[in-house]
Amino acid sequence: MIGRCHDFRFCVFHGRHRGGGGFDEDEDAYLVPSDWEDDDDDEDWNAGGTSGRRARDLQKNLTASRGAKGAAASSSGKGKTASKQQQKQQQRAGAANTDDDDDDDEDGNDSMLMNLKDCRDMQLKPQHTDRPIWVLPDGHIYLEASSPYYHQAYDFLVAIAEPVSRPEFVHEYKLTPYSLYAAVAVSIDTDSIVKVLNRLSKTPVPDSVETFIRACTVSYGKAKLVLKHNKHYIESPFPEVLRELLKNPTVSQARLGEEEEEEVAPPPKTGGTNKTAAAGGAAASGAGSAATAAAAAAGGARGGGGGARGGAAGDGFTLTDAPQEMDVNLEYKELAREGDGDDADPDVMMGTQPGGALKNVAFRVKNSEVEHVKKAANDMEYPLMEEYDFRNDTLNPPLKIDLKANTRIRAYQEKSLSKMFGNGRARSGIIVLPCGAGKTLTGVTAASTIKKSCLVLCTSGVSVLQWKYQFQLWTDIAEKDISCFTSDIKEAINEEAGVLITTYSMISFAGQRSEIAKKIIDTITKREWGFMLLDEVHVVPARMFRKVLSVCNAHCKLGLTATLVREDDLISDLNFLIGPKLYEANWMDLTQSGYLANVQCVEAWCPMTAEFYSEYLKPGVTARQKQLLYIMNPNKFRTCEYLVRTHMERNDKVIIFGDNVFSLKKFATILQIPFIYGATPESERSRILGTFRVNPLVNCIGLSKVGDTSIDIPEANVIIQISSHFGSRRQEAQRLGRILRPKSNVDGGFNAFFYTLVSTDTSEMYYSSKRQQYLVDQGYTFKVVTDLANASDRSQSKLPDRKSELRVLQETLMAKTDQEEKDEKKMLDRDMDDIGEGSARGTVMRRKGNLGALSGADGSRYMEYDSRPPPKKHPLFKSRYVKM
DNA sequence: CATTGTGCAA
DNA sequence: CACCTTGCACAATG
């Protein structure tokens, strides 16, 4: 039996005993008062008439109904109910600068305003004041956070809808096909969704929404992607579904006969590398060869374009029956049983199926095409389920790993894992937890539940070490069973089963590999991984990093991240690359529970000084120079200075973040504080961090974007941002995450501070509001202060007068990029070579050149350069050069 | 083993 | 409405 401390796994087992239903996902979990009348007359929805394809059109209609922006927004001024006014106010409060500009409610933010128009004629139901949510015809849902039934409704809504924005009083959610897939994936059936939604809603659920829900959920779970002997199969008890999928060219082209080799065949190195031959090895190989034989026949048939195998696979399509031998796995029986018991759904797909005897049919797809197939299937609204029945997997050797007896996991971690293991199997997906909320422990717990070979992917070498450390901290895994693989650590993998921790770039690296690396990569790609853990999963959609998913084969994938956002549009790719978002913690809930520090966010407005602003406005000033000017704005510096001084007096630990290295250096130098950036060697870094941690006299350090990731400073409780990477919401959230570690002085008030210094009337204002969006959606509010620069006493400042300001301005205008400096150096070296003798490389010549360059005769310098063949074709340099 | 170069991500 | 620098990982070099 399981130790009573492992509540989570306790739950998993019980979940299974209860017949595969999610253990806290059934309708009963969303209890509402029984005297609420159920006014949903489950009208019979005719599945036959509506195929899943309709969902997309419905979605279009839904969005179209949102209508023209401006008119709706202005006409919505007198929303009918008090709570809608409240919503609006709240929404506006979320945006930092609402006073003068009404137009800056952008993107998703305006939906609430528009929707007010749409629901004028909605009828309120009895007990509507008790019911916590509004369901609008466009699929948006609003939840009153003050409702006594908030928690029930919250649990339900996060399961079926995407959180859009969760400020203090009213939360906005949105129904999307993906969110509904995820809901069905965690075992909430369609009728329950509609029923509970209706019960919670103040107004009857609009027909459009119900239709949308049904259309989205009807085809979910009909087809499945499974991994067998390192080959991928699309499998379904419904031949019709497979036929449908095969109509898609992407899918049909990805199809592969059982015995066919993929073109990208690995080097012929078959000599016993496949180590699946464990305890059940004999049985496995027997089944394997039988399967191959059976499929070979099928493949032949397909080649001939002729006879269908199996009665169900007619219609000109030749389906490869799943060989009987493959059905030995319980997984299949359970699938069949589920389909059998699926009472509420007399599915059109099953029309020809003999009720009790569901047999799975399957066809193989190329491993290299899995990504595209999944995307295509998603687009067709037959999202492929990926579930791993790890308890009944006898093919892959088990891994000896258990949580230590004293390991405890928190309620929300357990909850997130319950979404993953809800029906006793492991489903692929993404868990979103804020920084410092224990993502690693969540991942480790998942790995020790599955107990199969586990591949962990991280973004950097240091986090590889951290993961290994955490595995050893929380579990009893043997030293021989866990290994790291980075450019400088190459540990041997356990042949049987083990945990391997590596980086994305290690796997996706395209260039020449060292011999030892080649060997390890080979074993990684050959192995059938039980579990793949993707740390910082928001990086995975990147062109190179997503390759890891086609290179490594895993039964189940779990992505972890704190910030599921990107500034490009690739984030939604994760839906088919990994799976649905299984759980997203609410930052404010965790703050209230004391798991996170209570952060006061402040945006400090710093007016530009006259000289800096006139430079800023000059025509022909490059974007980079403009950026430098608003960062180096003396009022910003003095604001920073003032904040540092103030927090020093409180004995706080302050981090100054600067994305731009030049300005960071300048600030740090003038303030006389240590700073770390990319070029700071490791020894120096740990020395500075060490003193910052322990020395009460060193309470302030500067960090470049090295601090955004991979530097952990639990002691810090104040952040001052002096410069940032444009509108990166991820950076903003990640920086805030640095001070989220709960602080000891919890007295209900703010115990951490997050300042962003913004030069007014510059593009920095725009970026700043963009950056804050993610945090605003998590419920943070930004307080705007305007007078800090003047509040500071000039005489105490290191930049007290106009003369010193002008000096800074001068330096700012002369600031060179690293690239420019390198080029200068190169050019100098070249000049030296031209002059001839190496001995002339003396100080005199070098100095002269340097001074000349610094004096700013840029144009001529580059012109001269032009007459020579370009020494290097760095694209960045090229464009700059062309400009001049 | 410290540095350098390349390529990538954001 | 895009902005383009900075940091990192990896392998190869002297």
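All chains are named by letter (A, B, ...) in the order of the sequence lines, taking the proteins before the strands, and each is independently numbered beginning at 1.
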Could A:K653 and A:F692 be counted as a cation-pi pair, given that NZ or CZ must be under 6.0 Å from the ring centre and within 45° of the axis?
-> yes
Can a side-chain donor-acceptor contact be found between [Y] and [X] if the only test is distance below 3.5 angstrom?
X	Y	value
A:E682	A:S686	no
A:D708	A:Q731	yes
A:E615	A:Q625	no

For A:K439, which residues count as a side-chain hydrogen bond (donor to acceptor under 3.5 Å, both in side chains) partner, sequence neighbours excluded?
-> none
Figure out the [atom1]/[atom2] separation between [X] and [N], and round it to whole Å.
X	N	atom1	atom2	answer
A:F726	C:dT6	CZ	C1'	11 Å
A:L703	C:dC8	CG	P	11 Å
A:E684	B:dA2	CD	C1'	17 Å
A:D569	C:dA2	CG	C1'	15 Å
A:L664	C:dT5	CG	P	17 Å
A:I711	C:dC8	CD1	C1'	12 Å
A:I631	C:dC3	CD1	P	17 Å
A:K626	C:dT5	NZ	C1'	18 Å

NA contact type, A:R685, heavy-atom cut-off 4.0 Å: base, sugar-phosphate, or nothing?
-> sugar-phosphate
Look at all strands and tell whether A:S704 reaches a base, only sugar-phosphate, or nothing, counting heavy atoms closer than 4.0 Å.
->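 It contacts sugar-phosphate atoms only.
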Between protein and nucleotides 8-10 of chain B, what N or O pairs are separated by less than 3.5 Å?
{"unit_1": "B:dA9", "atom_1": "OP1", "unit_2": "A:R543", "atom_2": "N", "d": "3.4"}
{"unit_1": "B:dA9", "atom_1": "OP1", "unit_2": "A:M544", "atom_2": "N", "d": "2.7"}
{"unit_1": "B:dA10", "atom_1": "OP1", "unit_2": "A:R566", "atom_2": "NH1", "d": "3.0"}
{"unit_1": "B:dA10", "atom_1": "OP2", "unit_2": "A:R566", "atom_2": "NH1", "d": "3.4"}
{"unit_1": "B:dA10", "atom_1": "OP2", "unit_2": "A:R566", "atom_2": "NH2", "d": "2.6"}
{"unit_1": "B:dA10", "atom_1": "O3'", "unit_2": "A:R730", "atom_2": "NE", "d": "3.2"}
{"unit_1": "B:dA10", "atom_1": "O3'", "unit_2": "A:R730", "atom_2": "NH2", "d": "3.4"}

After noting the C-alpha distance and the side-chain angles of A:V784 and A:F782, does the key distance pass the side chain to side chain contact (heavy atoms under 4.5 Å, CB included) rule?
-> CA-CA 6 Å; A:V784 174; A:F782 281 76; 5.7 Å; no
Just say parallel, tilted or perpendicular for the rings of A:Y616 and A:Y613, cut-offs at 30° and 60°.
-> parallel
Distance between P atoms of B:dG7 and C:dC4 (Å, rounded) =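 22 Å, rounded to whole Å.
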Nucleotide N/O of nucleotides 10-14 of chain C paired with protein N/O under 3.5 Å:
{"unit_1": "C:dC10", "atom_1": "OP1", "unit_2": "A:T503", "atom_2": "OG1", "d": "2.4"}
{"unit_1": "C:dC10", "atom_1": "OP1", "unit_2": "A:M506", "atom_2": "N", "d": "3.2"}
{"unit_1": "C:dC10", "atom_1": "OP2", "unit_2": "A:S487", "atom_2": "N", "d": "3.2"}

Does A:S460 make a side-chain N or O approach to OP1 or OP2 of C:dA9 shorter than 4.0 Å?
-> yes
Let me see the working for A:I722 and A:F637 under side chain to side chain contact (heavy atoms under 4.5 Å, CB included), right down to the final yes or no.
-> CA-CA 8 Å; A:I722 58 166; A:F637 178 82; over 6 Å; no
Step by step, would you call A:R729 with A:E732 a salt bridge (charged side-chain N to carboxylate O under 4.0 Å, His left out)?
-> CA-CA 5 Å; A:R729 293 168 291 168; A:E732 187 94 348; over 6 Å; no
